[in-house]
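Beneath this line is the structure, given in structure tokens, with notes to follow.
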Number of protein chains: 2
Amino acid sequence: MFACKSAKMASVLMKSKTNHISEKVEEMGIIIEQMGYAPVPGRIVSYLLISEPPYRDFYEIQGFLKASKSTVSTTLNQLMQQGVVSYITFSGDRKRYFQINTKGLLDTIKQQYKQARVINNMVSEVLEHRKNSEFQRFNKELKEVINFSSYIHNGIEKMIKDWDKAHR
Amino acid sequence: MFACKSAKMASVLMKSKTNHISEKVEEMGIIIEQMGYAPVPGRIVSYLLISEPPYRDFYEIQGFLKASKSTVSTTLNQLMQQGVVSYITFSGDRKRYFQINTKGLLDTIKQQYKQARVINNMVSEVLEHRKNSEFQRFNKELKEVINFSSYIHNGIEKMIKDWDKAHR
DNA sequence: ACATTGGTTCGTTTTTTGCCGAACCAAAAA
DNA sequence: TTTTTGGTTCGGCAAAAAACGAACCAATGT
């Protein structure tokens, strides 16, 4: 009886807490989705970010997300391959506990910003290709785009380099 | 006969040039796809960027892409709504000539970089949420991520502000 | 007035994405 | 040795995204 009541209270507490976290995971998940991920990976990353403890085993993740084993498995493996998630183990416990790999996360974010180079290259190539164009007015406008793009690109590059230097 | 030969030569020339441009459009298209666009919009933007003249009518675009009228129509309208494409007209010619709106393109690129704020906010919120966590080691690692994220975010913000100031 | 041009609209097809379930497997426990 | 645990793999399916085609329309040309 007492045990039952206690379990019930725990469940109620759990539930409200879980709901709160659920909401957070949901909204953070959407933000992550918008940076080009599918819903489930977004939710897993969100969950591992705000979960206390910050590591969870396979079935905890699956239970929280209410997703299938296969989905959780493949998604975790993708995230691990990407370096955003890793796992720890505890001796005498066969489970793997998945967690955010903050170093990998940082690298991924860094990598994103380095993408500035790609667009900068592209747009520079365009101007190179158009150098003998009859439409210098357009070229001049394009140059403005390239100027901005290089300006940002160089700035980001420098910032990252400085950061790396300071944190080595 | 002469006319025929000339047409043939033109066609051959055209073809090689078109192929060259085709390749470029294709690869630039992929880059643009990777920033979250579908293939056709990517190709249209690419085409208008490197085409000489830098404006093309509806049927030129359609013919070059070998896409359906409907696809071209809706895509052009989307791009115009986004501000990346606009059109010009010539008197005595009913056609619209579509072209890149460099100002709109610049704004779109700018907007992309401003997205840095979103991830920075999210990750800051995570730390706020975890402030009483038992896992200070993880929190410390997260702080590193946040530091980088804010650092880049502030840098980008400042760069854009400076750019806008200098180009007003 | 009729035909043509320069598109637009909308219902349909095609392709891709995201996720699931069931069967499967290796390591550990019983 | 058999069972259980902690996953993995693969075929399939439903929904969403992308592209299409045919019918349509307004403005211009004849």
Side-chain angles (χ1 to χ4, degrees), chain A residues 22 25-26 28-48 51 53 55-82 84-99, chain B residues 22 25-26 28-48 51 53 55-82 84-99:
Chain A
S22 239
V25 166
E26 217 49 45
M28 284 170 58
I30 288 170
I31 291 171
I32 296 177
E33 271 183 66
Q34 285 164 351
M35 6 199 292
Y37 290 82
V40 170
R43 287 180 203 133
I44 289 184
V45 169
S46 305
Y47 181 49
L48 293 179
S51 156
Y55 47 81
R56 294 289 181 175
D57 71 51
F58 190 95
Y59 292 95
E60 284 176 320
I61 295 171
Q62 200 214 331
F64 181 83
L65 296 189
K66 289 157 180 52
S68 71
K69 280 210 293 178
S70 48
T71 300
V72 173
S73 173
T74 46
T75 304
L76 278 175
N77 286 328
Q78 280 165 203
L79 290 172
M80 287 197 293
Q81 182 147 351
Q82 248 202 68
V84 172
V85 166
S86 60
Y87 65 85
I88 49 174
T89 51
F90 300 98
S91 54
D93 184 349
R94 170 144 99 94
K95 286 186 194 111
R96 287 182 285 171
Y97 290 84
F98 299 94
Q99 62 177 8
Chain B
S22 237
V25 166
E26 217 50 44
M28 284 169 57
I30 287 171
I31 291 171
I32 295 177
E33 270 183 64
Q34 284 164 350
M35 8 199 292
Y37 291 82
V40 170
R43 287 180 203 135
I44 289 184
V45 169
S46 305
Y47 180 49
L48 293 179
S51 155
Y55 47 81
R56 293 289 180 173
D57 71 51
F58 190 95
Y59 292 95
E60 285 176 321
I61 295 171
Q62 200 215 333
F64 181 83
L65 296 187
K66 289 156 181 51
S68 70
K69 279 211 293 178
S70 47
T71 300
V72 172
S73 173
T74 46
T75 303
L76 279 175
N77 286 329
Q78 281 164 203
L79 290 172
M80 287 198 292
Q81 181 147 351
Q82 246 202 70
V84 173
V85 166
S86 60
Y87 65 85
I88 50 174
T89 51
F90 299 99
S91 55
D93 184 349
R94 160 146 106 94
K95 287 186 193 111
R96 288 181 284 171
Y97 289 84
F98 300 93
Q99 63 177 7

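Values below: every heavy atom of this structure, side chains too, minus hydrogens, waters and symmetry copies. A note on names: the letters A, B, ... follow the listed sequences, proteins ahead of strands, and every chain is numbered from 1. Since the structure is predicted, the reported quantities are computational estimates derived from the model, not experimental observations.
Rounded to an integer number of Å, the gap from CG of B:Leu76 to C1' of D:dA19 is 14 Å. Atom OH in B:Tyr37 sits roughly 12 Å away from atom P in D:dA18 (whole-Å rounding). Taking atom CZ of B:Phe58 as the reference point, atom P of C:dT8 lies 6 Å away to the nearest angstrom. Rounded to an integer number of Å, the gap from B:Ile61 CD1 to C:dT8 C1' is 15 Å.
Residues B:Tyr55 and B:Phe90 place their aromatic rings such that the two centres sit under 6.0 Å apart.
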Table please: side-chain donor-acceptor pairs of residues 36-48 of chain A below 3.5 Å, with sequence neighbours left out.
unit_1  : atom_1 : unit_2  : atom_2 : d
A:Tyr37 : OH     : A:Gln82 : OE1    : 3.1
A:Arg43 : NE     : A:Glu26 : OE2    : 3.1
A:Ser46 : OG     : A:Gly29 : N      : 3.3
A:Ser46 : OG     : A:Gly42 : O      : 2.7
A:Tyr47 : OH     : A:Arg56 : NE     : 3.3

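If you check C:dG18, D:dA19, C:dT9 against the side chain of B:Pro39, the one that comes closest is D:dA19. With C:dC19, C:dG7, D:dA19 as the candidates, the nucleotide lying closest to the side chain of A:Ala38 is C:dC19.
B:Asp57 and B:Phe98 make their closest contact through C-CD1, 4.3 Å (heavy atoms, listed as atom of the first residue, atom of the second, distance).
Judged purely by atom type and a 3.5 angstrom limit, B:Ser73 has no side-chain atom pairing as donor or acceptor with the backbone of B:Lys69.
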Using a cut-off of under 3.5 Å, enumerate the N/O to N/O pairs linking the protein to nucleotides 21-24 of chain C.
unit_1 : atom_1 : unit_2  : atom_2 : d
C:dG21 : N7     : A:Ser70 : OG     : 3.1
C:dG21 : O6     : A:Ser70 : OG     : 2.7

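Rounded to the nearest 0.5 angstrom, B:Thr74 OG1 and B:Leu79 CG are separated by 9.5 Å.
Taking a 4.0 Å limit (strictly below) on heavy-atom distances, residues 84-92 of chain B does not reach DNA chain C anywhere.
Where B:Lys95 and A:Ala67 each meet DNA chain C at their nearest nucleotide, the meeting point lying more 5' is that of B:Lys95. When the nearest nucleotides of DNA chain D are assigned to A:Thr74 and A:Arg94 by heavy-atom distance, the more 5′-ward of the two goes with A:Arg94.
For B:Arg96 and C:dT8, the shortest distance from a side-chain N or O to OP1 or OP2 is below 4.0 Å.
Annotation: side chain of B:Ser86 is in contact with side chain of B:Gln99 (closest heavy-atom distance under 4.5 Å).
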